[in-house]
Amino acid sequence: MFDKAIILFTLHLLPFTLSAVSQVTVGADRLFSHEFHLVAGKRLGLVTNHTGLLSNGRHLADSLFARPEVTLAALFGPEHGIRGEVPAGGSVGDGRDSATGVTVFSLYGKTYKPTPEMLKGIDVLLFDIQDVGARFYTYISTMSYAMEAAAENGIPFIVLDRPNPITGIRVEGPIREDLLRSFVGLHPIPIVHGMTVGELATMFNEEGWLKGGVKADLHVVKMEGWKRTMWYDETGLKWIPPSPNIRTLSTAIVYPGTCLIEGTNLSEGRGTDRPFEYVGAPFVDGARWAEELNELGLPGVKFSAITFTPRSTVGSNPKHAGIECNGIVVEVTDREVYEPVKTGVEILSTGKELFARDFRWRESSIDRLAGTPLVRQGIDKRVSGMSIANASVDKLRKFMQNRLLYLLY
């Protein structure tokens with residue numbers, strides 16, 4: 001069995017306390033109530049999607065469009081599009097917003113970064129998208145590129161902050177290595193970073209990580225009432241699936257680990273009603289796998305055998321579509337102690353060991369997602385997990401020290 005300590009680190013900076021549900025006010029609401037002077041009289045560009053809602057349920061784009069003091073000049077859509085309906089990896093095209101008629105530019109397709117032509121006539125560029133707290137979730141890369149474009153074109157950049165749904169105190173997983181820079185890992189941060197989008201934007205800006213070291217004229221409109229220990233269901237905010245396969249908070253909790261399954265020929269549950277919670281393949285013995293994983297005694301999680309059949313949908317063709325898969329369901333029993341990256345690595349390690357004849361890496365994919373080849377190489381070679389962890393612990397410590405400079409709450 002591969003050592004359980006492989007390349008995973010979970011540092012709890014604050015003691016966990018269960019808090020009663022309280023109403024958090026997000027940055028988008030505070031823009032209107034406290035900081036509208038930042039945009040009044042301006043022509044605005046807005047990077048957003050279907051998660052950009054105010055507390056009254058109205059979309060930020062609709063609310064800005066209705067205000068005579070500003071002009072909503074352009075919208076910019078990330079992966080999954082402005083309305084969040086495009087499958088993962090699907091190309092998002094330019095067009096017009098159906099609700100406002102405003103021009104929509106895609107930032108997921110031919111270009112990931114706003115061009116000078118797209119930004120022509122824009123006085124301020126805003127960002128308002130709900131993130132899930134994992135490095136490879138692409139909305140934070142979209143934010144980084146948009147901030148970089150704003151800096152290069154002399155346009156102020158405003159981030160309307162929202163909660164990290166899996167709390168702001170957990171940090172886990174390897175730091176992304178420089179040679180594996182990609183859209184699922186633009187910057188050297190761990191898989192679970194424990195930061196809000198506003199805090200990440202500040203870090204990206206101040207650490208000189210934007211292209212050429214440019215620095216944006218950045219302003220973060222902070223939340224009110226958010227505590228770092230809060231899970232999303234403790235914020236009083238309505239859960240809106242930030243993408244088609246992150247349907248629930250439960251999915252978001254396991255996603256930082258089970259997304260690594262995308263780097264293999266195993267199904268990560270896409271095409272089912274529980275993506276990232278189901279893992280399997282036609283060649284898997286689910287009962288045997290679940291037993292092996294349960295014997296590890298991983299904190300806050302249990303595994304059960306499951307049979308599922310991934311289904312194709314319009315624009316989506318998941319692995320093993322239409323074929324019955326045997327596998328496991330990942331059930332979090334105590335989210336306060338659950339370690340998603342550790343769990344994901346153990347799923348990979350045991351899966352490869354048990355089903356070695358049929359198991360295959362998607363090598364470039366797993367390395368980009370992990371941010372390092374050490375996870376794949378360690379599992380292949382059955383190297384001591386502690387040895388691998390020790391090789392990267394200094395990078396994680398440095399990140400943890402730098403991170404403290406940018407925490408806003």
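We use all heavy atoms of the structure for the numbers below, so side chains are in, but hydrogens, waters and symmetry mates are not.
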Worked check of side chain to side chain donor-acceptor pair (under 3.5 Å) between Ser312 and Asn317 | CA-CA 5 Å; Ser312 296; Asn317 186 32; 3.0 Å; yes
Check against side chain to side chain donor-acceptor pair (under 3.5 Å), Arg228 and Thr167 = CA-CA 6 Å; Arg228 305 203 72 84; Thr167 81; over 6 Å; no
Run the side-chain contact (heavy atoms from CB on, under 4.5 Å) check on Ile129 and Val47 step by step: do they pass?
-> CA-CA 8 Å; Ile129 296 178; Val47 185; 4.2 Å; yes
Before giving the answer on side-chain contact (heavy atoms from CB on, under 4.5 Å), spell out for Asn294 and Lys302 the whole-Å C-alpha distance, their side-chain angles and the decisive distance to 0.1 Å.
-> CA-CA 6 Å; Asn294 285 326; Lys302 69 176 182 178; 4.0 Å; yes
Begin with the C-alpha distance, continue with both residues' side-chain angles, and end with the deciding distance and a verdict on side-chain contact (heavy atoms from CB on, under 4.5 Å) for Leu210 and Met147.
-> CA-CA 8 Å; Leu210 304 182; Met147 184 163 54; 4.1 Å; yes
For Ile189 and Ile175, run side-chain contact (heavy atoms from CB on, under 4.5 Å): C-alpha distance rounded to whole Å, both residues' side-chain angles, the deciding distance at 0.1 Å, then the answer.
-> CA-CA 5 Å; Ile189 62 175; Ile175 303 292; 5.6 Å; no
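In this structure, a donor-acceptor pair under 3.5 Å is present between the side chains of Glu177 and Thr372. A donor-acceptor pair shorter than 3.5 Å cannot be found between the side chains of Thr350 and Glu292. Counting only N and O atoms by type, the side chains of Arg311 and Thr272 include no donor and acceptor under 3.5 Å apart. Thr51 and Asn49 share a side-chain donor-acceptor pair at under 3.5 Å. Checked by atom type, the side-chain pair Glu79/Tyr137 shows no donor-acceptor distance below 3.5 Å. Residues Thr251 and Thr248 have side chains that bring a donor and an acceptor to within less than 3.5 angstrom of each other. When only modelled atom types and interatomic distance are considered, Thr202 and Asn205 share no side-chain donor-acceptor pair under 3.5 Å. Judged purely by distance below 3.5 Å, without hydrogens or angles, the side chains of Thr307 and Glu324 never pair a donor atom with an acceptor atom. A donor-acceptor contact closer than 3.5 angstrom links the side chains of Ser55 and Asp29. For the residue pair His219 and Glu35, a side-chain donor N or O sits within less than 3.5 Å of a side-chain acceptor on the partner.
By the 30° and 60° cut-offs, the orientation of the rings of Tyr255 relative to Phe136 is perpendicular. Note on ring orientation: taking the six-membered ring where Trp is involved, the planes of Tyr145 and Phe183 are parallel (angle under 30°, cut-offs 30° and 60°).
For Glu206 and Lys215, the salt-bridge test passes: some basic side-chain N is under 4.0 Å from an acidic carboxylate O. Salt bridge Arg270/Glu262: present, at least one basic N to carboxylate O contact under 4.0 Å. Between Arg382 and Asp380 there is no salt bridge, since none of the side-chain N atoms of the basic residue sits less than 4.0 Å from a carboxylate O of the acidic one. Asp358 has no carboxylate O lying under 4.0 Å from a charged side-chain N of Lys352, or vice versa, which leaves the two without a salt bridge. Classification of Glu336 and Arg170 as a salt-bridged pair holds, one side-chain N sitting under 4.0 Å from a carboxylate O. Ion pair Lys211/Glu152 not flagged as a salt bridge, since none of the NZ, NE, NH1 or NH2 atoms sits closer than 4.0 Å to an Asp/Glu carboxylate oxygen. Between Glu224 and Arg30 there is a salt bridge, since at least one side-chain N of the basic residue sits less than 4.0 Å from a carboxylate O of the acidic one.
Shown here for Val70 and Gly41, the closest heavy-atom pair between the two residues is CG1-N, 4.3 Å. Residues Gly280 and Cys325 come closest through the heavy atom pair C-CB, 4.3 Å. In plain terms, the two heavy atoms of Ile122 and Gly45 that are nearest each other are CG2-N, 3.6 Å. Between Lys319 and Ile261, the shortest heavy-atom contact is NZ-O, 3.3 Å. The two atoms that bring Lys238 and Tyr232 nearest to each other are O-OH, 3.2 Å, heavy atoms only. Between Leu125 and Ala150 the shortest heavy-atom distance is CD2-CB, 4.2 Å.
Distance alone, capped at 3.5 Å, places no donor-acceptor pair between the Thr71 side chain and the Ala73 backbone. With Arg96 contributing its side chain and Val104 its backbone, the two residues share no donor-acceptor pair below 3.5 Å. A donor-acceptor pair under 3.5 Å is absent between the side-chain atoms of Arg247 and the main chain of Pro241, judged by distance alone. Side-chain N or O atoms of Asp128 include none that pairs as donor or acceptor with a backbone N or O of Thr48 at under 3.5 Å. Within the 3.5 Å criterion, the main-chain N or O of His59 finds a donor-acceptor partner in the side chain of Ser63. In this structure, the side chain of Glu172 engages the main chain of Lys342 through a donor-acceptor pair within 3.5 Å. Between the side chain of Asn265 and the main chain of Phe359, no donor-acceptor pair closer than 3.5 Å is present. Under a 3.5 Å cut-off, the side chain of Arg403 and the backbone N or O of Gly194 do form a donor-acceptor pair.
Between atom SG of residue Cys259 and atom CG of residue Asn245 there is a gap of 10.0 Å, rounded to the nearest 0.5 Å. Taking CD1 from Ile169 and CG from Leu407, the interatomic distance works out to 11.5 Å, rounded to the nearest 0.5 Å. Rounding to the nearest 0.5 angstrom, the gap separating the CH2 atom in Trp231 from the CD1 atom in Ile166 is 6.5 Å. Rounding to the nearest 0.5 Å gives a distance of 14.5 Å between CD1 of Ile253 and CZ of Phe276. Met118 CE to Thr103 OG1: the interatomic distance, rounded to the nearest 0.5 Å, is 11.0 Å. With rounding to the nearest 0.5 Å, the separation of CZ in Phe399 from CD in Glu207 is 9.5 Å.
Legend: residues meeting ring-ring contact (aromatic ring centres under 6.0 Å, His included) with Phe303, ordered by chain and number and at least two apart, are absent. Scored by the ring-ring contact (aromatic ring centres under 6.0 Å, His included) test, Phe355 finds Trp289 as partners (sequence neighbours excluded).
In this structure, Lys222 satisfies the cation-pi test against Tyr409, with its NZ or CZ atom closer than 6.0 Å to the six-membered ring centre and inside 45 degrees of the ring normal. Cation-pi geometry between Arg67 and Phe32 is not met: the NZ or CZ atom fails to fall both under 6.0 Å from the ring centre and inside 45° of the normal.
The side-chain heavy atoms of Leu60 and Leu53, taken from C-beta on, include no pair separated by under 4.5 Å.
The only member of Val192, Thr258, Val375 that meets side chain to side chain contact (heavy atoms under 4.5 Å, CB included) when paired with Val341 is Val192. A side chain to side chain donor-acceptor pair (under 3.5 Å) with Thr196 is found for one member of Asp161, Asp131, Asn164 and no other, namely Asp161.
Heavy-atom contacts from other residues, nucleotides or ligands closer than 6.0 Å to NZ of Lys113 number more than 12.
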